[in-house]
Every structure is written in C-alpha cells, then in structure tokens.
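Report on one structure; see the data block that follows.
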Amino acid sequence: MANLLAGKVGIISGALNEESIAWKVALKAHAEGARFVLTNAPLAMRMGEINKLSEQCNAPIIPADATSMEDLEKLFSGAQEHLGGKLDFVLHSIGMSANIRKGKHYGELNYEWYQKTLDVSALSFHKMLAVAEKQDAFNEWGSAVALSYIAAQRAFLDYTDMSQAKAMLESIARSYGQRLGKLKKVRVNTISQSPTKTTAGTGISGFDAFYEYADRLSPLGNAPAEACADYCISLFSDLTRYVTMQNLMHDGGFSTTGISEEIVELISKANS
C-alpha cells in the first residue's frame with residue numbers, strides 16, 4: 001500500500017494499548033497518509049496508553065463515552081473542527097461485558113450488565129452513526145467499520161451476552177448502511193475477525209484453547225491483528241467504494257471449514 005488514505009480524515013475509537021486492533025489501524029492509517037482523531041472512554045484511557053499512540057500519529061484525543069449522545073456530539077463536532085472538514089472514515093472498535101469479566105455463565109446473566117453490554121458494544125455504533133447523520137459529518141463515499149466476531153452467528157462457550165451484542169452490531173451495520181448509502185453514498189460494514197490476542201479477547205475464559213483450535217481449523221491460520229488493520233484500511237480507501245452492508249469474514253477460512261487434517265489428528269490421538 002502507498003498513501004491509500006492520502007487526504008482522508010476520520011475518527012478511530014477503541015485503541016487501548018499496542019495489542020489493540022484499533023491501535024494497529026491507527027498506525028497503518030497514519031502511514032497511509034490519513035489524519036484522524038482518537039477517542040476512547042475516560043476509564044479506558046486511564047487504563048490504557050493512548051497518549052503514546054497520540055504522539056506517534058500526531059492525532060489529538062477527544063474522550064467520549066460512546067453510550068452518551070452528548071459525548072458523541074462533542075466528539076464528532078470536535079473532530080470536524082480539528083480536522084478542518086467532514087469525515088471520510090470511522091472505526092468502531094468498542095466492546096465490553098461485565099458478565100464475561102465476572103465469569104457469569106449464560107444461565108445466570110445479570111440483566112442490568114446485559115443491557116450495558118448491548119449499549120456499549122452495539123447500540124453505541126448506532127448512536128455514532130445517528131450523530132454523524134444529524135451533523136452531516138460524512139463526506140460522500142465515506143466509510144464506517146465496526147469489529148465483530150463469528151459468535152454473532154454461532155454459539156460459543158463463555159462468549160455469553162457478547163454474542164447477542166455482535167449480532168445486533170451487524171444488524172445495525174446493515175440497516176444504517178442502507179440509510180447512509182442512500183443519503184450520502186456512505187458505506188457501513190463489519191469485520192468478523194479471527195480470535196485475536198488483545199486485552200479484551202484474552203479476558204474470555206478458555207480463550208487460549210479456542211485460539212489454538214481456530215488456528216488449526218483455518219486453512220490459513222488465524223488472521224493476526226496487523227492483517228485485520230490492513231483490511232480496515234482497505235475499507236476506508238476508495239478501492240472498496242461499492243462494498244457496504246456486509247459482514248466480512250477475516251478469519252483465515254475458519255468460518256467455511258468443516259474440519260481440518262490437524263483437528264482429525266488431534267481427535268485420533270486423543271481416542272487412541
């Protein structure tokens with residue numbers, strides 16, 4: 001790639017530390033010529049290292065609780081003011097489940113936490129796009145991308161309420177993709193990424209075992225975070241102008257593989 005995003009401006013949310021996919025997206029977007037604003041919730045900013053990323057990319061930080069319409073209005077208006085115009089791309093890389101963090105199994109979910117999971121991890125995307133629409137914040141042919149996971153379509157142990165959050169996230173992308181496509185030719189997509197060793201991913205019980213399983217099942221192996229960042233950049237670029245309302249699998253072939261030779265060998269050894 002060479003200056004794929006030259007002249008483009010946007011917002012990147014969710015960069016916590018160097019393991020974060022959003023962090024890697026920011027570095028690659030900067031290398032491809034983009035200018036952008038970084039954002040995260042105040043609590044996440046205190047826990048993370050976003051100031052370091054801000055310096056590396058010469059990108060200002062506008063803190064925002066993605067569940068707060070007031071915060072999002074300030075984020076989008078502030079980003080346009082700083083960047084000198086409307087936006088070309090937005091990355092939604094936000095997810096949180098107190099139920100997962102506290103080890104609640106699916107039959108004993110705390111419903112207040114469940115609602116918070118949906119609000120933080122899915123409805124926040126709708127709120128972002130609604131604020132962008134009200135402020136007419138997107139340039140034509142802009143791009144909004146959110147990070148999802150295959151648990152939106154399949155049952156996975158210990159992913160609990162985040163499964164429904166990701167399903168809602170993908171549905172929002174389709175519905176708002178139709179709307180923003182008609183209004184401003186803005187495309188909206190989600191990327192269903194391989195299990196990735198981020199702070200959020202490794203907090204899920206049994207993650208290491210599933211990471212190994214997915215890697216052995218996928219013909220290409222698990223897609224690393226850096227490759228996911230490349231995919232995001234391609235979706236921000238003009239090369240994908242007619243890709244919208246899609247959930248794009250970025251998983252090394254995991255989602256369409258029934259069984260692999262490696263898994264057969266593992267089961268055979270276990271049974272012998």
Side-chain angles (χ1 to χ4, degrees), residues 13-17 19-25 40-41 43-44 47-48 65-68 91-129 144-176 188-215 217-218 222-225 228 231-232 246-252 254-255:
S13 72
L16 183 67
N17 53 40
E19 295 177 342
S20 306
I21 292 173
W23 187 292
K24 298 179 190 302
V25 172
N40 215 329
L43 175 60
M47 293 169 54
D65 176 350
T67 67
S68 165
L91 176 70
H92 179 284
S93 181
I94 302 169
M96 185 281 298
S97 168
N99 280 303
I100 289 177
R101 225 171 39 231
K102 296 180 183 293
K104 295 284 189 181
H105 66 67
Y106 197 64
E108 63 171 10
L109 296 181
N110 178 305
Y111 291 114
E112 289 184 9
W113 297 348
Y114 197 157
Q115 290 175 331
K116 188 67 174 177
T117 297
L118 297 177
D119 197 12
V120 171
S121 308
L123 288 178
S124 60
F125 191 41
H126 190 285
K127 291 176 181 180
M128 278 187 171
L129 297 176
V145 175
L147 299 182
S148 190
Y149 184 55
I150 196 174
Q153 291 89 32
R154 299 185 187 177
F156 284 88
L157 290 173
D158 301 321
Y159 206 65
T160 65
D161 54 354
M162 279 297 295
S163 297
Q164 280 77 64
K166 292 301 188 186
M168 183 183 290
L169 182 77
E170 293 175 12
S171 180
I172 289 168
R174 288 188 291 272
S175 296
Y176 235 124
V188 185
N189 295 289
T190 54
I191 294 175
S192 190
Q193 166 66 3
S194 293
T196 308
K197 292 183 178 180
T198 62
T199 300
T202 53
I204 299 169
S205 175
F207 175 85
D208 287 343
F210 180 66
Y211 181 91
E212 176 81 7
Y213 168 76
D215 199 46
L217 184 64
S218 307
N222 289 331
C228 185
Y231 203 15
C232 290
Q246 302 299 310
N247 178 53
L248 301 161
M249 310 307 294
H250 189 256
D251 60 4
F254 175 84
S255 53

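The basis for the numbers below is simple: all heavy atoms, side chains too, and nothing from hydrogens, waters or symmetry mates.
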Find the distance between [atom1] ([X]) and [atom2] ([Y]) and round it off to the nearest 0.5 Å.
X: Ile172; Y: Ser148; atom1: CD1; atom2: OG; result: 11.0 Å
X: Gln246; Y: Ser192; atom1: CD; atom2: OG; result: 13.0 Å
X: Met128; Y: Leu91; atom1: CE; atom2: CG; result: 8.5 Å
X: Asp251; Y: Asp215; atom1: CG; atom2: CG; result: 11.5 Å

Of all the heavy-atom pairs spanning [X] and [Y], show the shortest one and how long it is.
X: Ser13; Y: Ala22; answer: O-CB, 3.3 Å
X: Arg154; Y: Ser255; answer: NH2-O, 2.6 Å
X: Thr117; Y: Ala98; answer: OG1-N, 4.2 Å
X: Ala122; Y: Ala165; answer: CB-O, 3.3 Å
X: Asn189; Y: Ala173; answer: C-CB, 4.5 Å
X: Leu123; Y: Met168; answer: CD2-SD, 3.9 Å

Less than 4.5 Å apart, any side-chain heavy atom of [X] and any of [Y]?
X: Leu147; Y: Gln193; answer: no
X: His92; Y: Leu169; answer: yes
X: Ile100; Y: Asp161; answer: yes
X: Trp113; Y: Arg101; answer: no
X: Arg174; Y: Glu170; answer: yes
X: Phe125; Y: Val188; answer: yes

Worked verdict on Gln153 versus Lys166 for side chain to side chain contact (heavy atoms under 4.5 Å, CB included)
CA-CA 9 Å; Gln153 291 89 32; Lys166 292 301 188 186; over 6 Å; no

With a 3.5 Å distance limit and no angle check, can you tell me whether [X] reaches the backbone of [Y] through a side-chain donor-acceptor pair?
X: Ser194; Y: Ala223; result: yes
X: Ser171; Y: Ala167; result: no
X: Lys127; Y: Thr67; result: yes
X: Ser163; Y: Ala152; result: no

For side chain to side chain contact (heavy atoms under 4.5 Å, CB included), just list the numbers for Cys228 and Lys24, CA-CA rounded to whole Å, side-chain angles, deciding distance to a tenth of an Å, and then say yes or no.
CA-CA 9 Å; Cys228 185; Lys24 298 179 190 302; over 6 Å; no

I'd like to know if the side chain of Asn99 pairs up with that of Thr160 as donor and acceptor (distance under 3.5 Å, no hydrogens or angles considered).
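Short answer, no.
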
Please check if atom CD in Glu108 has more than 12 non-hydrogen atoms from other residues, nucleotides or ligands closer than 6.0 Å.
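For Glu108, atom CD is crowded (more than 12 foreign heavy atoms under 6.0 Å).
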
Derivation and outcome, side chain to side chain contact (heavy atoms under 4.5 Å, CB included), residues Ser93 and Val25
CA-CA 10 Å; Ser93 181; Val25 172; over 6 Å; no

Report the C-alpha separation of Ile94 and Val120 in whole Å, then their side-chain angles, then the decisive distance to 0.1 Å, and conclude whether the side chain to side chain contact (heavy atoms under 4.5 Å, CB included) test is met.
CA-CA 7 Å; Ile94 302 169; Val120 171; 3.8 Å; yes

Parallel, tilted or perpendicular: which one describes the rings of Tyr114 and Tyr111, with boundaries at 30° and 60°?
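Taking Tyr111 first and then Tyr114, their aromatic rings lie parallel (interplane angle under 30°).
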
Working for ring-ring contact (aromatic ring centres under 6.0 Å, His included), residues Tyr149 and Phe156:
CA-CA 11 Å; Tyr149 184 55; Phe156 284 88; 5.7 Å; yes

